[in-house]
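Bear in mind the structure is a predicted one, so any value in this text is a computation, not a measurement.
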Amino acid sequence: SEMCIRDSTNPHHDMSQVSEQENDAILTALMADIRTLKTTGGAISSELSRHNKIISMLETSFTQARGSLGKVMSKVDEVSGMNASKHMWLLILFAFGVFVFIYLLLKFKR
């Protein structure tokens, strides 16, 4: 860069030098802002990718849970389709099984 000698007869020369310096300062500030924006944009992109993976995993989990819930609901519908006497016999059979289990547990514990 050539050195500018102040020319008192040409005030336009001083103004253009000041304008160039101001433009250089503005350009430097803009370049710094662009670098900051580029870094921020990269971080946002990375974060979005991470969030999309999490959302995808949640969607898969919800789909699996919905399938399991569907199976459970069909079992509940199957059980609720039984009449009252079948429910009573199942309850009696279950209670009998529990008592036999407790009896065997106490008998062989000795």
Side-chain angles (χ1 to χ4, degrees):
S1 184
E2 70 183 70
M3 294 199 61
C4 293
I5 300 172
R6 187 173 179 155
D7 187 3
S8 60
T9 59
N10 190 357
H12 181 66
H13 187 277
D14 286 342
M15 291 301 286
S16 68
Q17 182 181 3
V18 170
S19 292
E20 283 182 39
Q21 290 173 348
E22 286 176 353
N23 285 342
D24 287 344
I26 290 170
L27 184 61
T28 302
L30 284 174
M31 295 293 280
D33 288 347
I34 289 172
R35 279 192 292 276
T36 301
L37 287 173
K38 186 176 178 182
T39 303
T40 304
I44 289 172
S45 175
S46 158
E47 196 67 19
L48 281 174
S49 294
R50 192 174 72 82
H51 286 193
N52 284 338
K53 287 178 187 174
I54 291 171
I55 288 171
S56 177
M57 290 179 354
L58 283 172
E59 186 176 2
T60 301
S61 295
F62 281 131
T63 301
Q64 291 172 349
R66 191 177 300 125
S68 296
L69 183 61
K71 290 176 186 174
V72 168
M73 290 305 293
S74 68
K75 294 286 185 185
V76 167
D77 288 343
E78 184 180 308
V79 169
S80 67
M82 293 183 192
N83 58 26
S85 64
K86 285 186 181 178
H87 281 276
M88 190 55 71
W89 281 111
L90 280 175
L91 182 60
I92 291 169
L93 184 63
F94 177 75
F96 180 74
V98 169
F99 284 123
V100 168
F101 176 74
I102 292 172
Y103 171 75
L104 291 175
L105 188 67
L106 291 175
K107 183 178 180 179
F108 290 113
K109 190 175 183 181
R110 295 179 197 176

Exercise for the section: Using atom types as modelled and distance alone, determine if a side-chain donor or acceptor of Ser61 lies under 3.5 Å from a backbone N or O of Met57. Expected result: yes
Completion exercise
side-chain hydrogen bond (donor to acceptor under 3.5 Å, both in side chains) pairs touching residues 21-44, sequence neighbours excluded, are none
Exercise for the section: Using modelled atom types only, decide if a donor and an acceptor are shared between the side chain of Ser56 and the backbone of Asn52 within a distance under 3.5 Å. Expected result: no
Handout entry: Separation of Ser68 OG from Met73 CE (nearest 0.5 Å)
Key = 13.5 Å
Problem - Joint hydrophobic cluster, Phe99 plus Leu91, side-chain heavy atoms closer than 4.5 Å - result: no
Fill in the blank from the handout: Interatomic distance, CG@Leu69 vs OG@Ser74, rounded to 0.5 Å, equals 10.0 Å
Practice task
Report whether Leu106 and Val98 are members of the same hydrophobic cluster (ILVMFWY, side-chain heavy atoms less than 4.5 Å apart, transitive linking).
Solution key: yes
Problem - Same apolar cluster: Ile55 and Leu48, side chain cutoff 4.5 Å - result: no
Problem - From Glu59 atom CD to Arg66 atom CZ, the distance as rounded to the nearest 0.5 Å - result: 8.5 Å
Exercise for the section: Verify the cluster assignment for Val100 and Phe108: are they in a single hydrophobic cluster under the rule of side-chain heavy atoms below 4.5 Å apart? Expected result: yes
